[in-house]
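None of the values given here were measured: they were computed from a predicted structure. In the text below, chain A, chain B and the rest are named by the order of the sequence lines, each starting its count at 1.
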2 protein chains.
Amino acid sequence: MEIKSDTEKLILEAARKVFTEKGLDGARMQEIADRANINKAMLHYYFRSKDKLFESVFKAAFNEFWPEITKSINESANVEDFLKRAISSYVDLFMDKPFLPIFILSEVNRTPDRLESLIREGGVNPHLIVEYLKEQMDLGKLKAMDPKELLVNVISLCIFPFAGKSLIERMIFQGDKESCESFLQERKKSIYEFLKPLIIANN
Amino acid sequence: MEIKSDTEKLILEAARKVFTEKGLDGARMQEIADRANINKAMLHYYFRSKDKLFESVFKAAFNEFWPEITKSINESANVEDFLKRAISSYVDLFMDKPFLPIFILSEVNRTPDRLESLIREGGVNPHLIVEYLKEQMDLGKLKAMDPKELLVNVISLCIFPFAGKSLIERMIFQGDKESCESFLQERKKSIYEFLKPLIIANN
DNA sequence: AAAAGAATTAACCATTTGGTTAAATTATAT
DNA sequence: ATATAATTTAACCAAATGGTTAATTCTTTT
């Protein structure tokens with residue numbers, strides 16, 4: 001890990017905000033520079049091009065997001081803990097960075113290739129999660145089903161409400177921001193309750 | 001409903017493709033014109049501005065998407081049918097138009113105001129769905145819970161896997177397109193199976 | 001058939017945008 | 001202190017982009 005200059009950090013933070021809010025195409029280099037209170041040329045001095053700068057931001061965002069679920073496995077004693085931890089940390093993360101889910105989803109959707117390099121260097125092994133779930137099912141700790149399906153369902157329940165926040169806020173909460181916000185906060189408990197029946201009690 | 005000229009329809013179809021694939025910011029008027037095999041000036045002749053054209057596309061996309069769930073209620077005899085129908089029609093729709101979910105989510109996210117006018121004129125009443133679910137719970141047909149939560153969960157399970165298709169394909173299916181595709185197709189059954197325990201059997 | 005109106009095109013325009021450059025300023029090393 | 005290297009700035013540039021216009025072709029009406 002190289003030491004980053006203050007300016008570089010300022011740029012990255014401003015770029016993170018602008019890119020996650022407006023996407024690669026919607027973001028303007030000038031706006032990033034303005035938000036970082038620096039000259040636009042500095043962006044190119046430190047990152048060469050818009051795409052390179054974007055890549056840095058995207059990489060950081062993705063690594064803040066995906067590895068969390070693997071971490072949840074490693075730091076949990078059993079499936080129950082795992083589910084609680086994974087759900088809780090995702091809700092916390094997305095409450096804090098509301099634009100993260102839709103940012104990752106839409107940029108991955110537009111340029112799936114970006115994932116390739118990330119996976120190779122990042123050392124992220126997605127298969128471990130599926131194997132873990134399969135294992136827990138074989139051990140009789142989880143209701144038997146396609147582990148991939150379960151994984152997708154858990155992720156769906158955690159991410160979608162945040163990715164679709166604006167939609168939900170308007171269509172289900174009639175535009176009431178506070179209700180919607182507390183609803184999302186509550187999901188830390190309610191997603192778990194929803195998935196609880198899949199956990200097989202010890203006897 | 002006014003009669004649309006052939007050219008207008010060509011434009012709308014090309015615009016639909018380009019906008020849903022690349023978003024408002026990423027779309028180029030020239031590309032839309034090229035795909036419709038017409039002169040770029042025609043876009044402005046019929047739709048005045050990029051934003052107006054986008055609005056037409058967005059409106060059509062949204063109306064293809066959201067009202068479906070209300071339709072499912074109206075055309076179903078009971079909750080079981082409703083769930084089956086809603087899930088099935090969403091899976092069909094998104095298999096056919098893979099870019100639809102992420103398109104709607106990201107554009108609503110970027111410009112939530114766009115929903116306002118749509119709701120007013122469209123006559124879409126989101127509250128009906130929540131009321132329907134509440135009613136079914138009161139009737140003892142569905143496990144009692146916050147109906148909003150249930151609605152969000154159903155929508156999450158239906159939409160997210162399509163919105164996150166590229167992510168899932170790469171992270172869970174190791175890039176195997178066919179497996180991922182058939183997995184998504186299978187969700188018509190598997191989402192229903194997943195939600196089935198919430199339906200209370202008649203006695 | 002001629003006039004009027006609608007549809008279509010090619011050329012053009014102003015602005016925006018990512019990116020560059022050369023000079024100036026600041027920090028570092030000798 | 002002074003030379004050297006790193007950082008920062010203002011001015012500039014070429015390409016791209018949404019949009020316009022005036023002329024042309026095609027339709028419709030009378």
(request) Give the C-alpha distance, both sets of side-chain angles, the deciding distance and a yes or no for side chain to side chain contact (heavy atoms under 4.5 Å, CB included) between A:Glu21 and A:Phe103. (result) CA-CA 7 Å; A:Glu21 282 171 28; A:Phe103 170 67; over 6 Å; no

(request) List the steps, then state whether ring-ring contact (aromatic ring centres under 6.0 Å, His included) holds for A:Phe160 with B:Phe160. (result) CA-CA 6 Å; A:Phe160 178 82; B:Phe160 178 81; 7.6 Å; no

(message) Show, in sequence, the C-alpha distance, side-chain angles and deciding distance for A:Val57 and A:Lys17, and conclude whether the side chain to side chain contact (heavy atoms under 4.5 Å, CB included) test is met.
(response) CA-CA 9 Å; A:Val57 169; A:Lys17 284 180 190 155; over 6 Å; no

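In this structure, CG of A:Asp34 is placed 12 Å from P of C:dT17, rounded to the nearest angstrom. Atom-to-atom, NE2 of B:His44 to P of C:dT9 comes out at 15 Å; the value is rounded to the nearest Å. Taking atom CG on B:Asp25 and atom P on C:dG18, their separation rounds to 11 Å, with Å as the unit. Note: CE (B:Met42) to P (C:dT8) measures 4 Å, nearest angstrom. Rounded to whole Å, atom P of C:dT26 lies 15 Å from atom CG of A:Asn39. Taking atom CD on A:Glu31 and atom P on C:dT16, their separation rounds to 14 Å, with Å as the unit. Here C:dT25 presents its C1' atom at 16 Å from CD1 of A:Ile38, a figure rounded to the nearest Å. Going from atom NZ of A:Lys50 over to atom P of C:dG18 covers 4 Å, rounded to whole Å.
Close to C:dT8, at under 4.0 Å from its OP1 or OP2, lies a side-chain N or O of B:Tyr46. When the side-chain nitrogen and oxygen atoms of A:Arg48 are compared with OP1 and OP2 of C:dG19, none of them lie within a distance under 4.0 Å. Side-chain N/O atoms of B:Thr7 include one lying less than 4.0 angstrom from OP1 or OP2 on C:dT8.
The aromatic rings of A:Tyr132 and A:Phe82 sit perpendicular to each other, their planes meeting at more than 60°, with 30° as the lower class boundary. Using cut-offs of 30° and 60° for the angle between ring planes, the A:Phe94 and A:Phe162 rings count as tilted. The aromatic rings of B:Phe65 and B:Phe62 sit perpendicular, their planes meeting at an angle over 60°, well past the 30° parallel limit.
How far CG of B:Leu195 is from CD of B:Glu193: 10.0 Å, rounded to the nearest 0.5 Å.
Once you apply a 4.0 Å limit to the heavy atoms of chain A, the touched nucleotides of DNA chain D run 5' to 3' over D:dA6 to D:dA10.
One end of the helix from C:dA1-D:dT30 to C:dT30-D:dA1 points its axis 10° away from the other end's axis, with each axis taken from 5 pairs and the angle rounded to 10°.
Residue B:Ala41 is the one, among B:Ala41 and A:Ala27, whose nearest nucleotide of DNA chain C lies closer to the 5' end (criterion: closest heavy atom).
Salt-bridge formation is not detected for the pair B:Lys141/B:Glu135: no Lys NZ or Arg NE/NH1/NH2 atom is positioned less than 4.0 Å from an Asp or Glu carboxylate oxygen.
Because its NZ or CZ atom is both nearer than 6.0 Å to the ring centre of A:Tyr192 and within 45° of the ring axis, A:Lys84 counts as a cation-pi partner of that residue.
A donor-acceptor contact under 3.5 angstrom links the side-chain atoms of A:Lys40 to the base of C:dG19.
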